[in-house]
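First comes the structure, then the notes that go with it.
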There are 2 protein chains.
Amino acid sequence: MNLKELSKITGVSQTTVSRALNGYPEVSEKTRALVNAAAKQYNYQPNTKAQALATGKSKMIGYVLPKASQNEMPNPIFGDFIAGAAQTYGKQGYDTNITLTDSDTQAETYRDLYAKGSVDGIIMQAPKENDERISILKKLGLPFVVHGRSTGSNDYHFVDVNNTHAFVRATNFLVDLGHQRIALINGNENLDFAIRRKHGYLQAHEDRGLNVDTTIMFSSEMTEEFGYHTMTKLLTMKSPPTAALLSSYIMAIGARRAIGEKGLRIGKDFSIVIHDDALSYLPNGSTHPIFTATRSSVGEAGRLCAEILLDAIQKPEQQPRQIILEAELVVGSSTGPAPQHD
Amino acid sequence: MNLKELSKITGVSQTTVSRALNGYPEVSEKTRALVNAAAKQYNYQPNTKAQALATGKSKMIGYVLPKASQNEMPNPIFGDFIAGAAQTYGKQGYDTNITLTDSDTQAETYRDLYAKGSVDGIIMQAPKENDERISILKKLGLPFVVHGRSTGSNDYHFVDVNNTHAFVRATNFLVDLGHQRIALINGNENLDFAIRRKHGYLQAHEDRGLNVDTTIMFSSEMTEEFGYHTMTKLLTMKSPPTAALLSSYIMAIGARRAIGEKGLRIGKDFSIVIHDDALSYLPNGSTHPIFTATRSSVGEAGRLCAEILLDAIQKPEQQPRQIILEAELVVGSSTGPAPQHD
DNA sequence: GTATAAATCCAAAGCGCTTTGAAGGTTTTT
DNA sequence: AAAAACCTTCAAAGCGCTTTGGATTTATAC
């Protein structure tokens, strides 16, 4: 069923059908009712491609994800993020266009997406420090919002967690409990969020007059396995730390496994604070938190990104909106006073 | 940069430009080179909407995901699945169109997707028993492949794991170790895969002449928390089981937590076999498996789905291709002989 | 050298929609 | 009753591409 057919059926011109359906005022209520009824009856849906071509708007939001590869994996938070964003998209009739690409060609992919006219706006994820993608997107003039942010430039929309502050607080929390040697198990430090968390960790150390020991600072892809291996390594040191900050729940799972294997008790023998993205399939305890954590919902971030982006698409020339979410510090049973030295 | 401009620049007609770029033979190598060079220089990319409109192919694969809600959550395997699929899509220039919808309107969403001409084909996920979506997709004539399958009809493309057999083997493996009371912690049993796994579990019990105890069979959304609560419940029974089958790694993480809290040792005091989707961020041990598991890579399933779908799009009328992957049974340290009764 | 075939190229139509500019029909005003 | 104003509708152009059918040029055969 297309416009022409529907026009024939209703006996009014294509123009009128189009206008009736799109709510234009210059059509009588009589005809509008007639058209609407026919459209419903024949389940007429305007062809999106034709509509996009005619209007110049594709009603698509672009996401560019790195392909799965050795050193890059599908992001476990993506599902929750996009589900959050979709609450906003759905209402306004936007769909999501996902392009997968090798990470070294991401920038080109953005350029192509623009040249091909595939999307009206883009959500950029996992920004690095001085991320070149940002300048490219700015140059293209394609509306975009960054989930996270990129040190280096400042005039773009973003939604980020106050990662620095979160890890300052987390570190202080542990120091207050008497911990002096606190490990950091971080995400890949070419990513902006990981850099900021590290800064927070370092800053708190400085503030509290504690020495930093780079041999208990780690960063890599945030897998369960990395959490496990790192924690195992820590626990077999001559003078192991008594606590650790972990950048994700997933890594903490591995860390917990390592701690369990050594016969130690979390929260007693070893304290852990994690950053909790509030993933739906990994709730950090619904009543009482399992892990003490800095918590910020990635679904909520998705929702906010979407709102800002849709807004930016409608009115392109406006001040960058920059939202920095404060993570809440939730206290669970994975932390306790530092064990006393015998 | 569009066709018309490029045509003006190169001095040949739009027809020729189009043909040169799309590799048609009726254009001399001279002109083709000329056109290609210009296209590269100006980074010309054909407008996808116009192309789609002209050809009738959108070069988009549709996914319909349920919105996040109380009883439905973003699927943690989605990222890996789509990353696998994209290896295939990318090569052939397909992108992914994700529509999020309430789960009770999924069927309509498919119909709309078809009516709007947004996609050339669809990957259907998380099939239920007698899933109405399948008959709708068949009626529409839109190429689709199901990740999983749906008891009830049989004439469609799908890629599934042999869930029944996997859980027969897993159960037998535990029985061989002397376990007599084996719990089942399953996914939501309105989903086809969960039904099949349960069947496998039951069948093995029957084969081995074991009684089935429905009080140690559970099913729900596969979260860490559900794994934890269920395992806690099991361990506090008067006569607790000595082993359990779990439908996902995520749930096993919760189960492990519960077991640890009770001071028991996995593989010694309590045995666990899981189904492992081989998620990239949750590797079940790279050298030695953490959990004994029936393993089948969801990324691989994604790749196969994509291949079949693209094939089906090219040649619509062909026998349904149905791939049933056998899960491998990998033995890790989460299983051991049943503890002897005192 | 002309006739035939092959190789290149192009103008124009069409994909399904939106939107401009104009026309036909009603109602109101003078 | 004619003029002005508005309301409602429509034909046609245009979005950027592909593709048909035809035209023009070049190569091959007679």
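Only this structure's heavy atoms are used, side chains among them; waters, hydrogens and symmetry mates stay out. So you know, we letter chains A, B, ... as the sequences are listed, proteins then strands, and number each from 1. Worth saying up front: this structure is predicted, and the values here are computed from it rather than measured.
- As judged by a 4.0 angstrom heavy-atom cut-off over every strand, B:T55 is placed among residues touching the sugar-phosphate backbone only.
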Would you mind writing out the side-chain donor-acceptor pairs for residues 90-97 of chain B within the sub-3.5 Å range, not counting sequence neighbours?
| from | atom 1 | to | atom 2 | distance (Å) |
| --- | --- | --- | --- | --- |
| B:D95 | OD2 | A:T99 | OG1 | 3.0 |
| B:N97 | OD1 | B:T99 | OG1 | 3.4 |

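- With rounding to whole Å, A:Q51 atom CD is found 13 Å from C:dT19 atom C1'.
- Between A:R32 and A:E29 a salt bridge is recorded (basic side-chain N to carboxylate O distance below 4.0 Å).
- Residue A:Y24 contributes atom OH, which lies 7 Å from atom C1' of C:dT19 at whole-angstrom precision.
- Nucleotides of DNA chain D with any atom under 4.0 Å from a heavy atom of chain B span, from 5' to 3', D:dG16 to D:dG21.
- Summary of the strand contacts: B:R19 and B:K4 both lie near DNA chain D, and taking for each the nucleotide with the nearest heavy atom, the more 5' one is attributed to B:K4.
- Environment of CD in A:Q319: sparse, with no more than 12 heavy atoms of neighbouring residues, nucleotides or ligands closer than 6.0 Å.
- B:K4 NZ: 12 or fewer foreign heavy atoms inside a 6.0 Å radius.
- Residue B:L3 contributes atom CG, which lies 13 Å from atom P of C:dC10 at whole-angstrom precision.
- A salt bridge links A:E300 with A:R303: the distance from a Lys NZ or Arg NE/NH1/NH2 to an Asp or Glu carboxylate oxygen falls below 4.0 Å.
- Within 4.0 Å of B:T48, counting heavy atoms only, lies no atom of the nucleic acid at all.
- Backbone-only engagement by B:S28 is indicated by non-hydrogen atom pairs under 4.0 Å involving sugar-phosphate atoms exclusively.
- With the nearest nucleotide of DNA chain C identified for both A:T15 and B:T15, B:T15 has the one nearer the 5' end.
- Using the six-membered ring where Trp is involved, A:Y89 and A:Y63 have ring planes that are perpendicular, over 60° apart on the 30 and 60° scheme.
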